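This report concerns only the one structure given below.
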Amino acid sequence: MLPIPKSSVLELLRYLIRIPSVNPSLSPEEGHNEVRIAEFIVEWLRRHNVEARMEFVRPGRPNVYAEVGDDDGPTLCLCAHIDTVGTAGMEIDPFEPKVEGSNVYGRGSCDMKAGVAALMVTAASLAASGSIKGKLILALVCDEEYASIGADDFVSRHKADACILTEPSDLKMVIAHRGFLWGKVTTYGRSAHGSRWDLGESAIKKMANVVVGLDDLDKNVLRNRQEHLIGPASMHVSLINGGVGVSTYAPECTIDIERRTLPSENVDRIRLEIEEVVQRAVKDSKVDWYFERSPFSCNPNELIIQHVTASYESLLGKKPESVGWPFWTDATIFQAAGIPTVNIGASGVGLHESVEWVDFDSVLVNTEILIQTATTFLQNKERIGNINK
Ligand SMILES: [Zn+2]
């Protein structure tokens, strides 16, 4: 049973969509950040007897932390991000949510203000029931769409025995996804006047050999490295830069590469494998690695998976489908902090696209799954593991 009428949940979701919270690092020209939506969330939660506050990660970049219950039992964390991608090219009004049947339109409707609303209603529900043995905490984090400074900051301040994310997943249970690694490759040429074929050597031509070598690695090696639920490893060349003028042999060329990684892979070996391909293609070259996010995988025997499965089954009469995702989410950050994590969220389409909507009926089902899971998980009087405290 939801503690507030369905019409009020819909109003809450529409209100959240009406507050622009476009990630300022991603789309600075839109001039938004997460402060206004965080203020609204805090105020709404307090009105529903949930303790809530903002925690600033950087000036203008807040998370919302909220809690229900006390330390007399396990702690369950629910996480959703409060930022969205930009609105360029959108074919609908991004911030005036239209409702058609069960579809609610708007930027962030699906990714993921629906997930934010589900968390808020779950916390309000548990506060109204007043009978939980442990503690429910909410991580409503900023910046997921850019560098995840919100989730990084959250796990540095708070501990939990398990975490559920609500990224839209069509009510499927996401238990694994890939990570990624970014690097820059540089080749060097010999600068010379464009007429001096006898002196000049183009760094761009050398880079062509690197690009061919990496493409071969991707298609013939990585594609065969398959993993259950999430498919193969992969990589691509995403940026290229080189040369100083049309009449000069290019002295330098760089490419940026992205390697998508599998939970079973070793990142040092991944780096070495690429460095060897680059070296084989061009001796006089270098590879600099500058950013990495780990893959995510949750053991199917984890208690949180059992609780989500049982709640889903009792509400929908069947087991949830376990799936893996090719892309990255904040789940990794919680899992890496020692918190067993799983994702289950609403249905919808158009994430990061010109027409985005969420299926409101699935938001209600998602919320009921969360309420039931939180209730059963927090019935366990004994602590689960010793991660917390
Ligand atoms: Zn998202």
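Note that the structure is predicted; figures quoted are calculated from it, not measured. All heavy atoms count here, side chains included; hydrogens, waters and symmetry mates do not. Order of listing sets the numbers, starting from 1, for every ligand and every atom in it.
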Does the side chain to side chain contact (heavy atoms under 4.5 Å, CB included) test come out yes or no for K206 and D284, once each step is laid out?
-> CA-CA 9 Å; K206 288 171 140 183; D284 184 20; 4.2 Å; yes

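With no hydrogens or angles considered, no side-chain donor-acceptor pair links H177 and N343 at under 3.5 Å.
Per residue E167, closest N, O or S atom to the Zn ion (ligand 1): atom name OE1.
Counting backbone and side-chain atoms alike, D111 contributes an N/O/S atom closer than 2.8 Å to the Zn ion (ligand 1). Taking 2.8 Å as the threshold, E145 does not count as a candidate ligand of the Zn ion (ligand 1), since none of its N, O or S atoms lies below it.
The hydrophobic cluster containing V174, built from Ile/Leu/Val/Met/Phe/Trp/Tyr side-chain heavy atoms closer than 4.5 Å, also comprises V323, W325, F327.
Partners of I132 according to the side chain to side chain contact (heavy atoms under 4.5 Å, CB included) rule, which considers only residues two or more places apart in sequence or in another chain, are V68, L126, L378.
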